[in-house]
Amino acid sequence: MILKFSGAFLILISGSILGWIIAEQYTKRVQQLQELQMAIKVLDTEISYSSTFLPEALIHSGEKSTYPISFIFKETGKNMLNNRELIFSDIWIKILEENFYYNSLNNSDIKLLKNWGKQLGASHLKDQEKINKIILQQLKQNELIAREEAREKVKLFRYSGLLLSLLLIIVFY
Amino acid sequence: MQKNINNKFLTIKINLIIKKFDKKYNEKILEIRLRIKQALEIITYKGKYFIDNEGYKVIAQKAYYISKDDIKKSLLVLTQNSIYALERQFKEGFITIPGGHRVGIAGKVVIENGRIKTQKDINSINFRISNEIPGIANKIINNIYDKKIDYIYNTLIISPPLCGKTTLLRDFIRIISSDIGKKIAVVDERSEIAGIYNGIPGNKIGPRTDILDNCPKAKGMIMLIRSMSPEVIAVDEIGKDEDIKAIKEAVYSGVSVLATVHGKDLKSIKVNQKLKEFYLEKIFKRYITLSKRNGVGTIENIYNERGDGLI
């Protein structure tokens with residue numbers, strides 16, 4: 001009997017946690033998209049006002065963000081300093097792909113960031129300002145979509161986790 | 001071992017070819033030229049060569065052809081992916097990298113209000129490798145330095161491009177600063193003489209040398225006279241009206257001037273509208289002419305203020 005109760009309890013806890021984790025991804029994506037926009041704004045300021053070289057600008061903007069966005073920016077900047085013969089977009093794309101499962105950004109966000117990376121640093125100041133303005137608009141758009149998704153799905157997944165685990169308990173017991 | 005360009009400033013592909021060339025021929029490289037859809041060219045002390053993938057000297061048709069992507073990647077590597085941070089350098093047409101190497105760029109010039117704003121669509125990159133040859137000026141230093149009165153004569157080094165003007169000037173600076181022991185100030189407009197990068201000189205320029213880096217020559221000379229009380233001032237590639245005015249001001253202030261200028265020989269100074277007044281007013285006491293006749297840095301002659309050859 002105790003075994004049955006323990007089993008049911010474990011199913012209930014695991015199901016709820018699973019639902020909670022999935023739901024959390026939606027919330028985290030919104031937070032990370034906001035964080036990303038903030039980091040890009042800092043980067044844009046470094047580029048526009050002090051013409052800071054890209055590796056240092058990435059490190060500075062990474063230092064003003066929180067994990068995992070901070071890690072992506074700082075790691076790219078450090079890699080650039082350590083591998084001068086490599087170009088930014090190659091390093092950026094590699095780091096985005098390596099860290100895909102450590103953040104909550106989805107394919108659409110990553111695609112935007114990859115495209116942005118292909119243009120960043122590769123043209124004159126005015127172009128850079130335009131490029132940064134466009135990526136900020138696109139990320140804002142993605143944030144609005146993510147917010148809507150989170151509003152619809154966070155509760156759904158949290159309750160689904162709980163309800164599915166209850167269903168499993170009823171079926172098995 | 002020759003002082004070559006830091007391989008971190010070339011793309012992996014081009015660097016590999018240069019390394020192969022270096023290994024095969026071990027010739028001192030003066031220039032590496034990348035031109036879009038043209039053969040990769042290397043200029044050494046011995047000649048000009050087109051190079052293939054394996055670093056061999058070949059005819060143009062068999063050489064490695066520079067693609068648009070090579071130029072794009074080279075620019076990104078060169079600028080640390082920060083083209084925006086080097087707009088002024090693009091406008092001037094060159095970027096200086098550690099070691100005092102100058103990288104010339106040519107593309108589509110953007111004009112704004114009648115002035116060059118910048119360059120875009122770059123189609124040609126020229127890595128000019130700065131050659132530091134300590135000791136090159138040893139044998140002629142006595143021609144410009146009078147030991148009895150402890151005085152450096154105002155000296156003008158004249159030569160066409162790539163004949164070793166800056167290399168000779170740099171060694172004069174080193175000798176005057178370290179061996180003769182005079183305070184020497186350098187206006188290094190293109191960061192080529194001292195090879196300053198991030199504030200640190202990359203070349204041997206002596207312990208008593210003050211460097212004003214990346215500063216227009218004329219303004220820099222006046223600033224240095226006022227601020228650093230130099231006994232000698234050195235500048236590279238003079239030619240503008242304001243340079244001439246500033247040199248005269250320096251000379252009249254009692255400061256010795258060492259300068260370089262593009263020209264074939266002393267005659268080219270005598271007939272130059274702007275520069276002839278130096279000769280007529282006997283501003284410079286020594287003129288040194290260089291050529292490539294017996295290799296880069298061949299001293300053709302040294303003249304006094306009257307134009308009499310001294311060697």
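Note on naming: letters A, B, ... go to the chains in the order of the sequence lines (proteins, then strands), and numbering restarts at 1 for each one.
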Does a sphere of radius 6.0 Å around [atom1] in [X] hold more than 12 heavy atoms from other residues, nucleotides or ligands, not counting ones at 6.0 Å or beyond?
| X | atom1 | result |
| --- | --- | --- |
| B:I116 | CD1 | no |
| A:F100 | CZ | yes |
| B:K120 | NZ | no |
| B:K48 | NZ | no |
| B:K57 | NZ | yes |
| B:K20 | NZ | yes |

Open item on the list: As an exercise, state the distance from NZ of B:K73 to CG of A:L86, rounded to the nearest 0.5 Å.
Closed with: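 With rounding to 0.5 Å, NZ (B:K73) is 10.0 Å from CG (A:L86).
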
- [ ] Look at A:R84, A:M80, A:K126 and state which one has the largest set of heavy-atom pairs under 4.5 Å with chain B.
- [x]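 Most heavy-atom pairs under 4.5 Å with chain B: A:R84.
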
TODO: Apply side-chain contact (heavy atoms from CB on, under 4.5 Å) to the pair A:I87 and B:N81, showing each step before the final yes or no.
DONE: CA-CA 7 Å; A:I87 62 168; B:N81 289 259; 4.0 Å; yes

TODO: Name all residues meeting the ring-ring contact (aromatic ring centres under 6.0 Å, His included) criterion together with A:H124; count only those two or more places apart in sequence or in a different chain, and write none if there are none.
DONE: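 ring-ring contact (aromatic ring centres under 6.0 Å, His included) list for A:H124, sorted by chain: B:F90.
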
Task: 4.5 Å side-chain heavy-atom contact, B:S82 and A:S51 - done: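 Answer no - side chains too far apart.
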
Task: Within-4.5 Å side-chain heavy-atom neighbours: B:E87 and A:L125 - done: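 A side-chain contact under 4.5 Å exists here.
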
TODO: Examine whether an atom of A:T52 lies under 4.5 Å from a heavy atom of chain B, and if so say whether it belongs to the side chain, the backbone or both; otherwise answer neither.
DONE: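 Contact with chain B: backbone only.
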
TODO: Test side-chain contact (heavy atoms from CB on, under 4.5 Å) on B:Y84 and A:D127 and set out the steps.
DONE: CA-CA 9 Å; B:Y84 58 84; A:D127 291 340; over 6 Å; no

Task: Heavy-atom contact with chain A under 4.5 Å, split by part of B:L86 - done: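 For B:L86, the contact with chain A is made by the side chain alone.
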
- [ ] Go through B:T118, B:I12, B:L78 and name the one with the most non-hydrogen pairs under 4.5 angstrom from chain A.
- [x]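 The residue among B:T118, B:I12, B:L78 with the greatest pair count is B:T118.
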
